[in-house]
Amino acid sequence: MGFFDFLTEEIAIDLGTANTLIIHNDKVVVDSPSIVARDRTTGKITHVGKEAAMMQGKTHENIKTIRPLKDGVIADFDASEKMISMFIKDIPALKKKWITPSLRMVICIPSGITEVEMRAVKESAERVNGKEVYLIHEPMAAAIGIGVDIMQPKGNMIVDIGGGTTEIAVIALGGIVCDKSVKVAGDVFTNDIIYYMRTQHNLYVGERTAEKIKIQIGAATEDLELPPDDMSVQGRDLLTGKPKQVQISYREIAKALDKSILRIEDAVMETLSQTPPELAADIYNTGIYLAGGGSMLRGLDKRLSQKTDLPVYIAEDPLRAVVRGTGITLKNINRYKGVLIK
Ligand SMILES: Nc1ncnc2c1ncn2[C@@H]1O[C@H](COP(=O)(O)OP(=O)(O)O)[C@@H](O)[C@H]1O
Ligand SMILES: [Mg+2]
C-alpha cells in the first residue's frame, strides 16, 4: 500500500448497452440508461442518463439522443467518452472531495466490442483520472455476480440477455471456454412489439411505449402460469392519423417475440453443442444461469428449460448481477487478475 493510497478511490462500472451502473464503496451509486443528448448546433453533450432518456422520442431538430453502445459496439466514441466521464463525475462521494482522487477501476464491457473499442474505453477512463483501469468481459462478471465459483474446474453456462446483445458463455477455471454473442436482446424485443402493433393493430407506438408493453405484459410463451392482465395501449392510428387505444394481451406479445426468442434458443443450443463433453456433463448437473434485464421476460426461463432439458435459474436482481460481479472483482483484484483483460 503506497503513501498516497488514501487519495485513490475504487469504482466498478458495468458499461451496458442499455444501462450503466457504478459501484463505489460497496454501494450502487449510478444506475442510469446509457443515453446522452447532444445539441446539434453546438455539438455539446448536454444531458446524460435518466435526463437524456426522458428526451428520447421527444426531441426536436436541435437536439438528438444517442445510445453510444446500442448494438454492443461503440457507435459514437465521443458520446461514449462523455457519458463515462459524466457518470463518474456524478458520483456523490467523489463530488465532495476537494481534490479529484485518482481512480482504480474495473469496467465491464460487452463481449462483442473490438480491440480498438476496448482501448477507447480504457483511454476514456484514464482521462477521468483512472490510474489503474482494468476491463472484464460481461459473462465473466455476470457469473461472479451470480455467485458461481468461476475458478473451479467445473463448467457453468451463463446467458446474459441485455439491451443490445445476448451473451452466452461456458466458463471454467477462470476462463471462457466457448462463447457466443448475438445481437438479439431487449432492443430487438422492443422493435418486435413496435412492428407487431403496426401490422396487427394499425397502431404506431414509440420505443418507450413498446418497452412499457414489454415490461408490463411481455412473455416468451403463450402458456404462463401467472398471466398478467391485458393492457391498454395508446398510439397513433396509421389509417386515420388520430390517437387511438387498443387492449393487448400477453399472448399477442408472446407471438410478436417468438421469432427473436427462437434465435436466442438456437444460439444457446449451438453453444451447448460446442461445449467439450466433460464440461457439458457439469452443465447437465448445474444448469443454465440467466442474467441481464431481458432474462426477466415472463416464461423465458421455462421456455429455455424445455428447449435444453436443463434447469434454468434467473440471477437474483438480474439487472445488477454484472455490476455486482464487477464490484467483487475490484475488491479482490489480485485473486481475479487472471480474468481481467490485458
Ligand atoms: N421486466 C422486464 N422484462 C423484460 N425485459 C426487461 C425487463 N426489465 C428490463 N428489461 C429489458 O432489459 C434490457 C436492459 O438490460 P440490461 O441488462 O441493463 O442491458 P445492458 O447490460 O445491455 O445494458 C432492456 O432492453 C430492458 O427493456
Ligand atoms: Mg449488461
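In each ligand, atom 1 is the first atom listed, and ligand 1 is the first ligand listed.
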Kindly say whether Pro139 contributes a backbone atom to a donor-acceptor pair with the side chain of Glu167 at under 3.5 angstrom?
no
For the backbone of Thr20 and the side chain of Ser34, can you confirm whether one donor and one acceptor N or O come within less than 3.5 Å of each other?
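Checked: pair present.
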Nearest protein heavy-atom contact for [atom]: which residue, which atom, what distance?
| atom | result |
| --- | --- |
| atom 19 (O) of ligand 1 | Gly163 N, 3.1 Å |
| atom 26 (C) of ligand 1 | Glu211 OE2, 3.3 Å |
| atom 22 (O) of ligand 1 | Thr17 OG1, 2.5 Å |
| atom 18 (O) of ligand 1 | Asn19 ND2, 2.7 Å |
| atom 21 (O) of ligand 1 | Glu138 OE2, 3.5 Å |

Rounded to the nearest 0.5 Å, what's the gap from [atom1] on [X] to [atom2] on [Y]? Could you check?
| X | Y | atom1 | atom2 | result |
| --- | --- | --- | --- | --- |
| Cys178 | Leu279 | SG | CG | 7.5 Å |
| Met105 | Ile84 | CE | CD1 | 8.5 Å |
| Phe189 | Ile261 | CZ | CD1 | 5.0 Å |

Purely on distance, is any nitrogen or oxygen of [X] under 3.5 Å from one on ligand 1?
| X | value |
| --- | --- |
| Gly292 | no |
| Ile215 | no |
| Asp14 | no |
| Thr190 | no |
| Asp160 | no |

Qualifying residue for side-chain contact (heavy atoms from CB on, under 4.5 Å) with Ile88, from Val30, Val29, Ile13
Ile13
Test Met151 against every option in Ile171, Ile144, Leu173, Val339 by the side-chain contact (heavy atoms from CB on, under 4.5 Å) rule and name the one that passes.
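Going through the options one by one, the only one that passes is Val339.
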May I ask you to list the atoms of ligand 1 that are less than 4.0 angstrom from any heavy atom of [X]?
| X | value |
| --- | --- |
| Leu319 | 15 (O), 16 (P), 17 (O), 18 (O) |
| Gly186 | 25 (O) |
| Ala18 | 14 (C), 19 (O), 20 (P), 22 (O), 23 (O) |

Check for me, please, whether Ile63 and Met54 land in the same ILVMFWY cluster - side-chain distances under 4.5 Å, paths through other members count.
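No: no chain of side-chain contacts under 4.5 Å links Ile63 to Met54.
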Do Tyr250 and Val205 sit in one hydrophobic cluster, given that two such residues count as connected whenever their side-chain heavy atoms are within less than 4.5 Å of each other, even indirectly?
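In one cluster: yes.
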Mind checking how many protein N/O/S atoms fall short of 2.8 Å from the Mg ion (ligand 2)?
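Counting protein N, O and S atoms closer than 2.8 Å to the Mg ion (ligand 2) gives 1.
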Proximity winner for atom 17 (O) of ligand 1, if only heavy atoms of Gly293, Ala220, Gly294 are counted
Gly293
Taking only residues two or more places apart in sequence or in another chain, which ones pass salt bridge (charged side-chain N to carboxylate O under 4.0 Å, His left out) with Lys259?
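None.
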Lys331 with Asp26: basic N within carboxylate O range, under 4.0 Å:
yes
Carboxylate-amine/guanidinium proximity below 4.0 Å for Arg67 and Asp76
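Answer for the salt bridge query: no.
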Could you tell me whether Arg298 approaches ligand 1 through its side chain, its backbone, both or neither, with non-hydrogen atoms closer than 4.0 Å?
neither
How does Met296 reach ligand 1, if at all, at less than 4.0 Å between non-hydrogen atoms: by side chain, backbone, both, or neither?
both
Could you walk me through whether Arg324 and Asp14 satisfy the salt bridge (Lys or Arg N to Asp or Glu O under 4.0 Å) test, starting with their C-alpha distance in whole Å, then the side-chain angles of each, then the deciding distance to 0.1 Å, before giving a yes or no?
CA-CA 9 Å; Arg324 244 182 355 249; Asp14 167 13; over 6 Å; no
Does Arg127, at its CZ atom, have more than 12 non-hydrogen atoms belonging to other residues, nucleotides or ligands within less than 6.0 Å?
yes
